**Q** 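One structure is given below, represented as structure tokens, and several questions about it will come after.
The model shown is predicted, which means the values in this text are computed figures rather than measured ones. Below, read A as the first sequence line, B as the second, and so on, with proteins coming before strands; counting in each chain starts at 1.
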Number of protein chains: 2
Amino acid sequence: MSDTDKPLVLVVDDEAAQRALLSYNLQAAGFRVLTAGDGEEALLVAVESPPDVILLDWMLPRVSGIEVCRQLKARAETRQAAVIMVSARSEEGDRVRGLETGADDYIVKPYSVNELVARVRANLRRVRPVAAGQVLKAGDITLDGERHKVSRDGQDLHLGPTEFRLLGALMERPGKVWTREALLDRVWGRDIHVDTRTVDVHIGRLRKALCAHGGADPIRTVRGAGYAIG
Amino acid sequence: MSDTDKPLVLVVDDEAAQRALLSYNLQAAGFRVLTAGDGEEALLVAVESPPDVILLDWMLPRVSGIEVCRQLKARAETRQAAVIMVSARSEEGDRVRGLETGADDYIVKPYSVNELVARVRANLRRVRPVAAGQVLKAGDITLDGERHKVSRDGQDLHLGPTEFRLLGALMERPGKVWTREALLDRVWGRDIHVDTRTVDVHIGRLRKALCAHGGADPIRTVRGAGYAIG
DNA sequence: GGGGCGCGTGACGGTTATGTGACGATGGTT
DNA sequence: AACCATCGTCACATAACCGTCACGCGCCCC
């Protein structure tokens with residue numbers, strides 16, 4: 001139940017001891033953790049159950065971390081995950097190459113566990129504020145990312161999964177006008193073949209849910225542009 | 001629709017791999033991307049559909065990047081685009097020569113994709129503030145590109161999509177007198193066949209909207225030339 | 001002063017974007 | 001197996017918006 005809500009971190013490292021250490025600490029910090037011992041396994045696992053954050057060791061047997069990162073960023077299921085490259089070297093060249101392939105952050109060994117967890121949190125908050133369990137507010141609407149609950153004026157509301165994610169996206173930046181394409185990217189995932197009008201329908205359902213106990217429509221339609229909240 | 005709103009970036013590089021990498025990352029960052037493999041192609045493409053930002057490799061076959069830049073800055077269609085020169089060398093001399101020919105920015109290989117995207121964004125803010133989500137002010141009028149909101153003296157105003165874009169164009173350069181043709185290019189998009197008088201009508205509607213809550217007409221008509229704001 | 005020209009503007013028909021109810025498909029649960 | 005919730009698509013209605021026209025006015029130049 002509340003287990004599926006927790007952010008999912010994938011740890012990719014060829015040393016079992018390292019995997020165990022990170023896994024333990026990350027779980028203690030409230031994340032679900034998957035592990036993989038090499039690049040191929042990492043790709044399989046990541047596609048199977050797409051993580052929110054991926055800790056990727058630079059040195060991997062067979063397939064290099066850099067290549068894994070490239071492939072992760074090329075797949076629809078894993079593209080929006082935050083990738084943190086972990087490296088034993090500190091050369092600037094590697095750093096540059098790591099970021100070039102699309103890594104979102106970079107951490108150099110040796111590091112403290114606290115620092116690592118902090119980095120994971122920071123990236124998570126950036127990529128998935130709702131999944132990070134933050135509480136968002138816009139006007140009289142409150143969205144609890146941890147409990148997956150939405151309330152208006154104290155009244156709890158019932159939303160479907162898609163409506164919840166849609167509202168989450170809108171509330172990440174109250175006032176910002178999202179195009180339908182941007183919302184499809186954010187809520188449905190990239191290159192999912194879904195008609196852009198589907199957004200309209202779900203906005204309609206979301207509106208109905210938000211106004212179930214009365215109150216004005218909090219969602220603003222901007223003709224020719226998209227939708228915004230607040 | 002919202003597609004026309006997205007900023008357009010032209011990538012000029014003779015290496016296909018480089019073009020693909022940049023293209024992918026820029027698209028992921030929300031830009032539309034065109035590519036060209038040499039200087040001649042770049043000029044053709046740029047005139048055909050004028051980009052907002054041009055990434056121009058220094059080393060190009062046949063025509064040098066510096067020459068392409070000069071020609072781009074000499075043409076009306078591409079003059080207002082931001083040109084970012086990309087160079088493998090780091091000599092100060094080249095940098096100076098690059099900026100002398102009219103390049104707006106300069107980036108040296110190797111660079112991280114994040115850095116590059118940041119540079120593109122920065123230049124875009126200068127060239128296309130509204131699409132970049134900037135907030136523009138002219139007198140007592142405020143236009144918020146991200147929220148698609150216009151207010152005067154604190155009062156929110158309601159504008160149609162075309163009026164919004166029209167006001168955006170005018171406010172990007174307060175005081176500048178725009179010809180009707182220039183506004184048609186900018187607001188309606190080129191290769192749209194629309195009567196130039198249509199501009200007048202929309203200026204009229206815009207005026208009405210801007211003065212809905214009182215205040216003087218902020219738009220100045222320059223007889224025989226066009227319109228300006230501020 | 002008169003004519004020409006450029007501009008402002010109200011009206012109007014056509015087009016487009018959006019709201020919304022209905023429907024079948026899907027997958028999980030009892 | 002039947003039920004329930006949710007999803008994506010479609011079709012239709014409607015309201016907002018657009019582009020054009022026509023008319024009238026004021027400015028400018030002769």
**Q** Taking distance alone, no hydrogens or angles, what donor-acceptor pairs closer than 3.5 Å link side-chain atoms of residues 119-127 of chain A to residues at least two apart or in another chain?
**A**
{"residue": "A:Arg119", "atom": "NH1", "partner": "A:Asp105", "partner atom": "OD1", "Å": "3.4"}
{"residue": "A:Arg119", "atom": "NH1", "partner": "A:Tyr106", "partner atom": "O", "Å": "2.7"}
{"residue": "A:Arg121", "atom": "NH2", "partner": "A:Ala29", "partner atom": "O", "Å": "3.1"}
{"residue": "A:Asn123", "atom": "OD1", "partner": "A:Arg126", "partner atom": "NH2", "Å": "2.9"}
{"residue": "A:Asn123", "atom": "ND2", "partner": "A:Asp105", "partner atom": "OD2", "Å": "3.1"}
{"residue": "A:Asn123", "atom": "ND2", "partner": "A:Arg119", "partner atom": "O", "Å": "2.9"}

**Q** Below 4.0 angstrom from OP1 or OP2 of C:dG8, is there any side-chain N or O of B:Tyr227?
**A**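 So the side-chain polar atoms of B:Tyr227 do come within 4.0 Å of the phosphate oxygens OP1 or OP2 of C:dG8, strictly under.
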
**Q** Within this structure, what is the CG-CG distance for the pair A:Leu21 and A:Leu26, rounded to the nearest 0.5 Å?
**A** 9.0 Å

**Q** Which listed nucleotide (D:dC18, D:dT20, C:dT18) is nearest to the side chain of B:Val201?
**A**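 Between D:dC18, D:dT20, C:dT18, the one nearest the side chain of B:Val201 would be D:dT20.
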
**Q** For A:Asp52, enumerate each residue passing the salt bridge (Lys or Arg N to Asp or Glu O under 4.0 Å) test, keeping only those at least two apart in sequence or located in another chain.
**A** A:Arg128

**Q** With sequence neighbours excluded, tell me which residues meet salt bridge (Lys or Arg N to Asp or Glu O under 4.0 Å) with A:Asp57.
**A**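 Listed in chain order: A:Lys109.
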
**Q** Determine whether any donor atom in the side chain of B:Arg197 lies under 3.5 Å from an acceptor atom in the base of C:dG6, or the reverse, and answer yes or no.
**A**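 Result: no qualifying N/O pair found.
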
**Q** Applying salt bridge (Lys or Arg N to Asp or Glu O under 4.0 Å), name anything that partners A:Asp156, two or more places apart in sequence or on another chain.
**A**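 Once residues adjacent in sequence are excluded, the partners of A:Asp156 under the salt bridge (Lys or Arg N to Asp or Glu O under 4.0 Å) criterion are A:Lys149.
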
**Q** Would you say A:Trp188 places a side-chain N or O within less than 4.0 Å of OP1 or OP2 belonging to D:dG8?
**A** yes

**Q** What string of B, S and - do you get for nucleotides 24-30 of chain C, 5' to 3', when a contact is any protein heavy atom under 4.0 Å?
**A** -------

**Q** Considering only C:dG19, D:dC17, C:dG10, which nucleotide approaches the side chain of B:His158 most closely?
**A**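 Of the candidates, D:dC17 comes closest.
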
**Q** What is the distance, rounded to the nearest whole Å, between atom CG of A:Asp200 and atom P of D:dC12?
**A** 18 Å

**Q** What pairs of residues pass the side chain to side chain donor-acceptor pair (under 3.5 Å) test when at least one of them lies in residues 158-171 of chain A, not counting sequence neighbours?
**A** none

**Q** Looking at residues at least two apart in the chain, or sitting in another chain, which of them share a side-chain contact (heavy atoms from CB on, under 4.5 Å) with B:Val222?
**A** B:Val177, B:Arg220, B:Ala225

**Q** Tell me every residue that passes side-chain contact (heavy atoms from CB on, under 4.5 Å) with B:Val130, counting only those two or more places apart in sequence or in another chain.
**A** B:Leu136, B:Leu143, B:Phe164, B:Glu172

**Q** Looking at residues at least two apart in the chain, or sitting in another chain, which of them share a side-chain contact (heavy atoms from CB on, under 4.5 Å) with B:Asp153?
**A** B:Asp140

**Q** Please work out which residues in residues 203-225 of chain B have a non-hydrogen atom less than 4.0 Å from an atom of DNA chain D and list them by number.
**A**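 Within residues 203-225 of chain B, the residues near DNA chain D are B:Arg205, B:Arg223.
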
**Q** From CD of A:Glu163 over to C1' of D:dA5, roughly how many Å is that when rounded to an integer?
**A**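 That distance rounds to 11 Å.
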
**Q** Do B:Ser49 and B:Arg32 pair up side chain to side chain, a donor and an acceptor below 3.5 Å, judged on atom types alone?
**A** no

**Q** Using atom CD1 of B:Ile192 as one end and atom C1' of C:dT16 as the other, report the distance to the nearest whole Å.
**A** 14 Å

**Q** Check the interface with nucleotides 2-4 of chain D: list each N/O to N/O pair with the protein under 3.5 Å, or write none.
**A**
none

**Q** Listed by chain and number, what are the side-chain contact (heavy atoms from CB on, under 4.5 Å) partners of A:Lys208, not counting sequence neighbours?
**A** none

**Q** Starting from P on D:dA16, measure out to CG on B:Leu159 and report it in whole angstrom.
**A** 15 Å

**Q** Nearest whole angstrom, please: distance from the P of D:dC10 to the NE2 of A:His202.
**A** 14 Å

